[in-house]
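Convention: sequence-line order gives letters A, B, ...; per-chain numbering from 1.
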Number of protein chains: 2
Amino acid sequence: MKMSVLEEKLRQKNLKITPQRLEILRAVQRHQCDHPSAELIYQAVKKRYPAVSLATVYKTLETLVQIGEIRVAIVSGGKTRYDTRMEQHHHFLCSYCGGVQDIEMKMDCLETYCPESLAGKGTIHRGEVIFHGICHTCENKKNPPCPSICS
Amino acid sequence: MKMSVLEEKLRQKNLKITPQRLEILRAVQRHQCDHPSAELIYQAVKKRYPAVSLATVYKTLETLVQIGEIRVAIVSGGKTRYDTRMEQHHHFLCSYCGGVQDIEMKMDCLETYCPESLAGKGTIHRGEVIFHGICHTCENKKNPPCPSICS
DNA sequence: ATCCAATATAAAATACGTACAAATTTAAAC
DNA sequence: GTTTAAATTTGTACGTATTTTATATTGGAT
């Protein structure tokens, strides 16, 4: 996603184009594979933009979610983690280190499927799959950290 | 799950059988359909056991998870919510009220399936599907609460 | 009945996120 | 380029969820 596209989106929604917003989006993009938390983004942005406030990072991430520029990937270890990939994909969450990795998987059913048990319960907007397990890195450690990070 | 079964499990792990533990598990069972949070369990237990401490509820829920008696259903609205149903099933999360409902769905693939993109990434223990949408109750309201509760 | 490790308790500490008011900045009109 | 109003950023205080700490209590083996 180029910045010009973001700028266009912001203009369309009467939102202002600020250096903070551009820099924060760039940071989420750069750290895409980490599925970064607000705190991680804050640290990353501060390097280039030392005056940035953590409150701005939180609010900007929320704004970016609301205009559909990024989305919440997962909540892991109590922290909300973000994702710039908007197409359907899923996540693999390591129970030991808390790391999140993308899972590519065709599951068209999730978008349109209506399990019988949902009948009368409501309307599905989206379905996501979360795989829990141990990542390769933690598997190879003798003493991985306690699996307390996630469920 | 009968209490005698819990007592047996606790004994096997050299964990003590305390009235708090029994009462807290009963409360989670009784509120199963709510997928209750620690706070909700605390309120429920306090009615029968006024001296109970919130810290005990937190620690006991964690213990019950670790011995495999309950599991984390979902984290919604910043709160961890628990589940006594250990068999495979999935959840429907209302983005408006934050309510969680069970979804019965055969997806054997999730347990055993290894998407190609996972190759070399690690070992899957479990796969769960989370459906996001609007529940029937919120659909029928003219002005549902803001959909800020979840992602 | 006694004893010790495990547990429960209350209170304080921590962690994540949000709300607020004051200062700054954007962008549009002139 | 200035002016100006509205939006945004910032620092900080606050709120809520959860964990830790220090002490008191208790389960259950002997």
Side-chain angles (χ1 to χ4, degrees), chain A residues 3 6-25 27 35-43 45-46 48-67 72-82 98 146 148-151, chain B residues 3 6-25 27 35-43 45-46 48-67 72-82 98 146 148-151:
Chain A
M3 280 308 136
L6 172 61
E7 294 186 16
E8 194 46 47
K9 273 202 185 178
L10 290 172
R11 266 190 214 99
Q12 282 171 10
K13 310 241 177 183
N14 284 329
L15 296 171
K16 302 207 164 163
I17 297 164
T18 69
Q20 289 91 335
R21 282 176 175 165
L22 301 179
E23 197 59 57
I24 287 165
L25 178 59
H35 299 82
S37 63
E39 178 64 27
L40 195 154
I41 294 302
Y42 175 58
Q43 297 301 337
V45 171
K46 236 185 1 180
R48 304 191 182 196
Y49 206 103
V52 76
S53 151
L54 183 54
T56 300
V57 172
Y58 276 107
K59 206 184 299 180
T60 300
L61 288 170
E62 193 197 320
T63 302
L64 292 173
V65 169
Q66 282 177 358
I67 67 174
V72 171
I74 200 171
V75 178
S76 140
K79 296 181 195 174
T80 301
R81 300 172 67 161
Y82 297 88
C146 277
S148 54
I149 291 175
C150 350
S151 58
Chain B
M3 281 307 138
L6 172 62
E7 295 187 15
E8 195 45 47
K9 275 200 184 180
L10 291 172
R11 266 190 214 98
Q12 282 170 11
K13 311 240 176 184
N14 284 328
L15 296 171
K16 301 203 165 166
I17 297 163
T18 68
Q20 289 91 336
R21 282 177 175 163
L22 302 179
E23 197 57 59
I24 287 166
L25 177 60
H35 299 83
S37 64
E39 177 65 27
L40 196 154
I41 294 302
Y42 174 58
Q43 296 302 334
V45 171
K46 236 183 3 179
R48 304 192 182 194
Y49 205 102
V52 77
S53 150
L54 183 53
T56 300
V57 172
Y58 275 105
K59 206 186 299 179
T60 300
L61 289 169
E62 194 196 319
T63 302
L64 292 172
V65 168
Q66 282 176 358
I67 68 175
V72 171
I74 201 171
V75 178
S76 136
K79 296 183 196 175
T80 302
R81 300 171 67 160
Y82 297 88
C146 276
S148 53
I149 290 175
C150 351
S151 59

Between [N] ([atom2]) and [X] ([atom1]): distance, integer Å:
X      : N       : atom1 : atom2 : answer
I17(A) : dT26(C) : CD1   : C1'   : 9 Å
L15(A) : dA28(C) : CG    : P     : 13 Å
E62(B) : dA8(C)  : CD    : P     : 13 Å
I24(B) : dT7(C)  : CD1   : P     : 13 Å
L22(B) : dA8(C)  : CG    : P     : 10 Å
N14(A) : dA5(D)  : CG    : C1'   : 14 Å
Q66(B) : dT19(D) : CD    : C1'   : 14 Å
L54(A) : dA13(D) : CG    : P     : 15 Å

### Query
Nearest to the side chain of T18(A) - dT26(C), dT9(C), dG17(C)?
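When the side chain of T18(A) is considered, dT26(C) is the closest of dT26(C), dT9(C), dG17(C).
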### Message
From the set dG27(D), dT9(C), dT8(D), return the single nucleotide nearest to any side-chain atom of R21(A).
### Response
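Selected nucleotide: dT8(D).
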Under 4.0 angstrom, heavy atoms only, what part of the nucleic acid is [X] near: base, sugar-phosphate, or nothing?
X      : answer
K16(B) : base
S37(A) : nothing
T56(B) : base

Can you find a pair of side-chain heavy atoms, one from [X] and one from [Y], that are under 4.5 Å apart?
X      : Y      : result
R21(A) : L15(A) : yes
L10(A) : T18(A) : no
V65(B) : Y82(B) : yes

### Query
DNA chain D: K79(B) or Y49(A), which has the more 5' nearest nucleotide?
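Whichever sits nearer the 5' end wins; that is Y49(A).
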### Task
By nearest nucleotide on DNA chain D, pick out whichever of K59(A) and R11(B) is the more 5' one.
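Looking at the nearest nucleotide for each, K59(A) comes out on the 5' side.
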### Task
Rounded to the nearest 0.5 Å, what's the gap from CD on Q66(A) to CG on L61(A)? Could you check?
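Rounded to the nearest 0.5 Å, the CD-CG separation comes to 11.5 Å.
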### Query
Does dT18(D) have OP1 or OP2 sitting under 4.0 Å from an N or O in the side chain of Y58(B)?
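So the side chain of Y58(B) is within the cut-off, an N or O lying under 4.0 Å from OP1 or OP2 of dT18(D).
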### Task
Using a cut-off of strictly less than 4.0 Å, decide whether Q20(B) has a side-chain nitrogen or oxygen near OP1 or OP2 of dT9(C).
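Answer is yes, contact under 4.0 Å.
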### Query
Are the side chain of R81(B) and the backbone of S76(B) linked by a donor-acceptor contact shorter than 3.5 Å?
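A pair under 3.5 Å: no.
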